[in-house]
Amino acid sequence: MNEGTRNYAIGTTTYWGFTLTDGALRMLVLLHFFRLGYSPFTLAFLFLLYEAAGVLANFIGGWLAARYGITRMLTVGLTTQVTGFLVLSALSPDWSAAASVVWVVLGQGICGVAQDLTKTASKSAIKIAETAAKAEDSEGRLFRWVAWFTGSKNAMKGFGFFLGGLLLELLGFRGALWVMAAALGLVLLGVVLSLPPMLGKAKASKSARELFGKNRGVNLLALARVVLFGARDVWFVVGVPVFLYAAGWTFTMVGTFVALWTIGYGLVQAAAPAVVKRSLDGLTQELRAARIWSFGLAVIPAAIATMLASNSGLRPDLILVVGLGLFGFVFAVNSSVHSYLILAYAGSEKAAEDVGFYYAANALGRFAGTLLSGLLYQWGGIQACLIGSCLMLVACFLATLALPGRDALAPTQS
């Protein structure tokens, strides 16, 4: 195994361990506080600082990874996540509702920083590892590696959702957090012992103007990412679990469905290179795919909302489940193509900065979607969430239409 392939495998495995505990945390918090009687908007509010912190963490994390190396940033991200778990475990049932919300939002914020520092470093490592592997054996593999990384980590998040519900049942809120902190500590030890300490270290931007001066492809793809992930989370974060529970589903059924959906979504992402036709220049067919799949995705939430409003006699929860399955397949291909395109547009010298900028947009989209998920569901139910999703996806399609072609693959000097 060459060095590039080895570093890719270690980086991917590290993020598997991280995202397993991250998915478990989300389900722990959602189910624990829903069981305590918190409203849909309050549940969304619990995750807002998590998502907001990710915007800054991604953006600064890319610059830090370029300046100090990817291994160091992975170490910081994992340590921060363990800290967030321990902060959350200190929550006392004797505290008032207001104090509990503030404490959980704070703990979630710490975990949000950890999640995006770790993801930016891990995804940047792919670009560095692929460049090294390509130099050694001349085999281009970027799309395949990105798709596998993205798909497998989302499948692990799905297992994390299931694990969170299971740990909550077996160990309770505090015990589950302690177990996850210990497991992540072992992952942290593995990173320190196995990855080169200066992996990915490069000349970082020296000014804010230089840091923001991305090429047109990176900027437009970041815009598309904001609305793409906002369109997912606007109905998935709060709307879907609460709607299904209100329809008579148990916590276990809801958690299992969300887990299976996320695992399936991850498997489709990993298989995206077999679905999307490749082009010799690495961009032409991939851009065409991004536009076609974005348009198709925008149609799905509109169709689901129409069926729910038509009083067709079908069970509303089954309409939503089937629709969400179709949405997940098309969304997964979209997301995988976007994840490839950002590394195709990114300059090799400052890949970490470009990836960090892109995932800051990703976090901004999740923040907007999480906030709107609680607000729209409280205002107009699941149909309002679906309409909001459709409008965001139309904006995503328009942004992909403006993405530049082959010339944009030249390394950015930003």
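Heads up: numbering here begins at 1 and tracks the sequence.
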Where does the angle between the aromatic ring planes of [X] and [Y] fall among parallel (under 30°), tilted (30 to 60°) and perpendicular (over 60°)?
X	Y	result
Phe229	Phe331	perpendicular
Trp249	Phe257	perpendicular
Phe173	Phe33	perpendicular

Any donor-acceptor pair under 3.5 Å from [X] side chain to [Y] backbone:
X	Y	value
Ser389	Cys385	no
Ser336	Ala332	no
Gln81	Ala114	no
Arg291	Leu398	no
Asn334	Ser294	yes

Would you say [X] and [Y] make side-chain contact, with heavy atoms under 4.5 Å?
X	Y	result
Phe295	Leu393	no
Leu91	Ser100	yes
Val29	Val104	yes
Trp235	Leu324	yes
Phe397	Trp293	no
Met392	Leu372	yes
Leu88	Leu25	yes
Phe243	Leu320	yes

| Taking it one step at a time, do Phe327 and Phe236 satisfy side chain to side chain contact (heavy atoms under 4.5 Å, CB included)? | CA-CA 11 Å; Phe327 181 91; Phe236 190 71; over 6 Å; no
Straight-line distance of [X] [atom1] to [Y] [atom2], nearest 0.5 Å:
X	Y	atom1	atom2	result
Thr262	Met156	OG1	CE	12.5 Å
His338	Thr400	NE2	OG1	6.0 Å
Gln383	Leu376	CD	CG	12.5 Å
Leu260	Phe159	CG	CZ	9.0 Å
Arg225	Cys396	CZ	SG	9.5 Å
Leu74	Leu188	CG	CG	9.5 Å

How close do [X] and [Y] get, counting heavy atoms only, and between which atoms?
X	Y	value
Arg216	Ala402	NH2-O, 3.1 Å
Gly323	Ile300	O-CG2, 3.9 Å
Val226	Ala361	CG2-O, 3.3 Å
Ala290	Leu341	CB-CD1, 4.1 Å
Val87	Gly107	CG1-CA, 4.1 Å
Gly164	Leu28	O-CD2, 3.5 Å

| Phe85/Thr21 under side chain to side chain contact (heavy atoms under 4.5 Å, CB included): CA gap, chis, key distance, verdict | CA-CA 10 Å; Phe85 288 165; Thr21 61; 3.8 Å; yes
| task | Could you walk me through whether Gln285 and Val276 pass the side chain to side chain contact (heavy atoms under 4.5 Å, CB included) test, one step at a time? | result | CA-CA 8 Å; Gln285 292 294 340; Val276 176; 5.7 Å; no
| Stepwise, does the side chain to side chain contact (heavy atoms under 4.5 Å, CB included) test hold for Leu177 with Leu86? | CA-CA 7 Å; Leu177 288 166; Leu86 295 178; over 6 Å; no
| field | Check: Ser373/Asp233 side-chain N/O donor and acceptor closer than 3.5 Å | value | no
